[in-house]
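In listed order, ligands and their atoms are each counted from 1. No hydrogens, no waters, no symmetry mates; every other heavy atom, side chains included, goes into these values.
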Amino acid sequence: MTFDTARLRFDQIRLPPQCDELRQEVRAFIAQEVAAGTFDPSDPRHGDLHNPELSRRIGARGWIGMTWPKKYGGHERSFLERYVVTEEFRVANAPVRLHFVADRQSGPILLKYAPEHIKTDILPRICRGELCFVIGMSEPGSGSDLFAAKTRATKTKGGWLINGTKVWTSNAHLAHYMLGLFRTSSATKENRRHGLTQFLVDMKTPGIRVNPIYQMTGQHDFNEVVFEDAFVPDDHILGELDGAWKQATSELAYERSGPERFLETFYVLNGFVRAVGPKPDLRSAEGLGRLVAQLHTLRRMSVSVNGMLQRGEEPVIEGALVKDLGTGWEQKLPARVRELAAFLEPEAANRATLDEQIAYATMIAPKLTIQGGTTEILRGIIARGLGLR
Ligand SMILES: Cc1cc2nc3c(=O)[nH]c(=O)nc-3n(C[C@H](O)[C@H](O)[C@H](O)COP(=O)(O)OP(=O)(O)OC[C@H]3O[C@@H](n4cnc5c(N)ncnc54)[C@H](O)[C@@H]3O)c2cc1C
């Protein structure tokens, strides 16, 4: 069997100097918010929260829709600058969930495929931190295999009637809009991916019911969303009728390659550094050194993918690799730190907080390699990219 590594590209991209300046601005903003009591970086639950006021303040600083055109409220900055902002908020465990999906992937999809009047209406509101978007892809019988989606959009006068059920829809109970994938016609013999269309759905539409699904942590993050004759107007179709499969893959490059794909349990590493203090014993120092070296490599890879997005490329394979390695790393981190921390004195600084952080991260860890594409699916994409299947 041969595989072609030349198909994988990770350019040696360094963050340019203007990123350092921006990083200092973001850090100063975060320090101010923490001092004002908006959130606590050491409390793992805070990173999972929504904070509409904070989202609006972040929007006012110009840190949402950073790469989008100014005429839609964006700031025409680079993907590498956006990378820095994402990284700083994630490392600080800031509650940015309200605007994060809209900023990362729904906005770019609207920019590419929405009619002009929708772009001018919605994109500036995303940039101001006012709108929460959700991804309506998974269904009870269709997760990894998106193209098996059955939720149907049936043509009616002036629009479409949606019937069916989406599941695992993160934040649907708080969302203003969904970008939903619905069946508009049957798959064909030649192309089983044919027949799905992407729609913009106003979550206030009559006929949409949102039922909560609770996590093991007790948190309410995701939901079941039931559609019963929910009307969506014609101009809410995004892109090509029946041709959503062509556009879904570019969305995934945005979704899979960012620093949020290896920093979701980062507070555990931070907590351990605090617990061992400035003079760690040899075992802790060796363990920490190993983890930080791995993190540094992941970061270089993620920065590289963002450099490719900046050049207008679609690094789907490289994005899948970052997500597979990154989520595997952040998933194992709590167990690794628990092993290292077993040798700490019970009265070590920050010990109680660290134990709570490890307990929380252990409970959320299983989801990390499922959300946004499972390990097996990502490895299938990587294998195909390398010419192995
Ligand atoms: C925290 C969280 C948040 C989520 N948020 C959203 C959201 O906002 N919107 C949304 O639409 N979805 C969301 N999801 C759903 C997520 O995208 C799906 O769970 C995921 O795609 C897997 O689908 P599934 O659960 O149906 O599992 P299945 O597709 O049934 O897979 C079950 C197992 O079989 C394996 N498998 C499946 N197909 C193959 C194959 N071809 N080759 C090898 N192995 C295979 C999988 O890897 C997995 O181990 C979320 C999930 C989680 C955990």
* Asked: Taking atom types as modelled and ignoring hydrogens, do the side chains of Arg300 and Gln12 form a donor-acceptor contact shorter than 3.5 angstrom?
  -> yes
* Search all heavy atoms of Val167 against all heavy atoms of Pro140 and return the closest pair with its distance. => CG1-N, 3.8 Å
* Asked: Looking at Lys367, which atoms of ligand 1 are within less than 4.0 Å of one of its heavy atoms?
  -> 1 (C), 53 (C)
* To do: Take atom 11 (O) of ligand 1 and look for protein heavy atoms under 4.0 Å from it; say yes if you find one, no if not.
  => yes
* To do: Please determine if Ser144 has a nitrogen or oxygen closer than 3.5 Å to a nitrogen or oxygen of ligand 1.
  => yes
* Is the distance between the ring centroids of Phe199 and His236 under 6.0 Å? -> no
* Asked: Which atoms of ligand 1 are found less than 4.0 Å from any heavy atom of Phe222?
  -> 1 (C), 2 (C), 3 (C), 52 (C)
* Asked: Quick check: does any side chain N or O of Asn191 sit under 3.5 Å from a backbone N or O of Ala187, one acting as donor and the other as acceptor?
  -> no
* Asked: Can Lys150 and Glu139 be counted as an ion pair, charged N to O under 4.0 angstrom?
  -> no
* Asked: What do you reckon, does Ile377 have a nitrogen or oxygen under 3.5 Å from a nitrogen or oxygen of ligand 1?
  -> no
* Structure fact -> One finds that the ligand 1 atoms under 4.0 Å from a non-hydrogen atom of Met137 are 11 (O)
* To do: Report yes if Ser170 has an N/O atom closer than 3.5 Å to an N/O atom of ligand 1; otherwise report no.
  => yes
* Using a strict cut-off of 4.0 Å, indicate which atoms of ligand 1 neighbour a heavy atom of Ile135. => 7 (C), 8 (O), 9 (N), 10 (C), 11 (O)
* Asked: Which residue from Glu376, Arg379, Lys166 reaches closest to atom 45 (C) of ligand 1 through any of its heavy atoms?
  -> Glu376
* Rounded to the nearest 0.5 Å, how far apart are CD1 of Ile58 and CG of Asp103? -> 9.5 Å
